[in-house]
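Here the structure comes first, spelled out in structure tokens, and everything after it is commentary.
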Amino acid sequence: MVLTGANLVLIPATGLADLVRSVEHMEPIPNATETIEDFFARYTGYLSAGDLTGLADIYHYPALAVTARGCLAITDPEQTRDFFAQGQSYYRSRQIQGVRARDVVTDVEVPGVWVGRLVLENLDGEAQPVGQERNAYQVVTLGDGTRRIAVTTPLDAYA
């Protein structure tokens, strides 16, 4: 029995047994195969190269994009490829040729989940800074130890 507020909730014995069995057989939480700094170096490498496949592969599906205007579920790699394909022409039109991660801040890291923020510094063709974007991320670790972005939040965007 579980008491919740003024209500008494009965959990059938089979339901409780199933819950206990599922907890007993949980897989261990994997260790990441790369540091978070190396992960974001790989991510910004894909951004700089315009590697749409690499960018699609670095996200967990479903993923979530959170802005001040709301949340968008990203359910498949094609959405990611389309988003970054549109972004490439926008950035190239502003002479942005590359991106690097700076000021990586870990807010919380527990086994399997990293939560933090960083600055994506936009670079011109001479690798000189021409702007920056602040973003927050939640990154999960998969069973094989690879990291994937589960939630992204552009901190400078209002739309």
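Values below: all heavy atoms of this structure, side chains included; hydrogens, waters and symmetry mates excluded. One-based numbering along the sequence shown. All values reported here derive from a predicted model rather than from experimental measurement.
- Sequence neighbours left out, not one pair with a member in residues 116-136 passes ring-ring contact (aromatic ring centres under 6.0 Å, His included).
- Membership of the apolar cluster around Ile96 extends to Tyr90, Tyr91, Val130, as traced through chained side-chain contacts below 4.5 Å between ILVMFWY residues.
- Between Arg100 and Pro129, the shortest heavy-atom distance links the atoms NH2-CG, 3.9 Å.
- Atom CZ of Arg42 sits about 13.5 Å away from atom CD of Glu37, to the nearest 0.5 Å.
- The two residues Gly98 and Arg92 come nearest to each other via the heavy atoms N-NH1, 4.3 Å.
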Could you tabulate the donor-acceptor pairs under 3.5 Å formed by side-chain atoms of residues 77-85, not counting sequence neighbours?
{"from": "Glu78", "atom 1": "OE1", "to": "Arg81", "atom 2": "NE", "distance (Å)": "3.3"}
{"from": "Glu78", "atom 1": "OE1", "to": "Arg81", "atom 2": "NH2", "distance (Å)": "3.1"}
{"from": "Gln79", "atom 1": "OE1", "to": "Thr75", "atom 2": "N", "distance (Å)": "2.7"}
{"from": "Gln79", "atom 1": "OE1", "to": "Thr75", "atom 2": "OG1", "distance (Å)": "2.9"}
{"from": "Gln79", "atom 1": "OE1", "to": "Asp76", "atom 2": "N", "distance (Å)": "3.3"}
{"from": "Thr80", "atom 1": "OG1", "to": "Tyr61", "atom 2": "OH", "distance (Å)": "2.8"}

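- Atom CG of Leu120 sits about 7.5 Å away from atom OG1 of Thr44, to the nearest 0.5 Å.
- Here the side chain of Gln88 pairs a donor or acceptor atom with the backbone of Leu47 at under 3.5 angstrom.
- Although no hydrogens or angles enter the test, the distance criterion places no donor-acceptor pair under 3.5 Å between the side chain of Arg147 and the main chain of Ala32.
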| message | Under the criterion side-chain contact (heavy atoms from CB on, under 4.5 Å), I'd like the reasoning laid out for Leu123 against Gln128: C-alpha separation, chi angles, the key distance, then a yes or no. | response | CA-CA 5 Å; Leu123 308 170; Gln128 295 302 308; over 6 Å; no
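- Pro30 approaches Gly145 most closely through the heavy-atom pair CB-N, 4.4 Å.
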| Working for side-chain contact (heavy atoms from CB on, under 4.5 Å), residues Thr53 and Tyr46 | CA-CA 9 Å; Thr53 300; Tyr46 295 149; over 6 Å; no
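- The hydrophobic clustering, which links ILVMFWY residues whose side-chain heavy atoms are closer than 4.5 Å, places Ile149 and Leu72 together.
- Nearest heavy atoms, His60 versus Val140: CD2-CG2, 3.9 Å.
- Taking OG1 from Thr152 and OH from Tyr59, the interatomic distance works out to 4.5 Å, rounded to the nearest 0.5 Å.
- Here Asp38 pairs with Thr35 under the side-chain hydrogen bond (donor to acceptor under 3.5 Å, both in side chains) rule; sequence neighbours left out.
- Formation of a donor-acceptor pair under 3.5 Å by the Ser48 side chain with backbone atoms of Gly45 is not found in this model.
- With sequence neighbours left out, the ring-ring contact (aromatic ring centres under 6.0 Å, His included) criterion links Phe40 to Trp114, Tyr137.
- Grouping Ile, Leu, Val, Met, Phe, Trp and Tyr by side-chain contacts under 4.5 Å, direct or through others, puts Leu64 with Val66, Val151.
- Judged purely by distance below 3.5 Å, without hydrogens or angles, the side chains of Asn122 and Glu133 pair a donor atom with an acceptor atom.
- Placement of Val115 and Val110 within a single hydrophobic cluster is found when ILVMFWY residues are connected by side-chain heavy-atom separations under 4.5 Å, directly or transitively.
- Side chains of Val99 and Tyr43 form no contact here, defined as non-hydrogen atoms less than 4.5 Å apart.
- Considering every non-hydrogen atom in both Pro154 and Thr67, the closest pair reads CG-CG2, 3.9 Å.
- Separation of atoms CG (Asp103) and CZ (Arg134) is listed at 11.0 Å; rounding is to 0.5 Å.
- Residues Gln132 and Arg102 come closest through the heavy atom pair OE1-NH2, 2.7 Å.
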| said: Val104 vs Ile36, test: side-chain contact (heavy atoms from CB on, under 4.5 Å). Steps then yes/no. | reply: CA-CA 8 Å; Val104 177; Ile36 200 67; 4.1 Å; yes
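- Once rounded to the nearest 0.5 Å, the distance linking CG of Asp107 with CZ of Arg117 reads 4.0 Å.
- Atom OG1 of Thr153 and atom CG of Asn135 lie 8.0 Å apart (nearest 0.5 Å).
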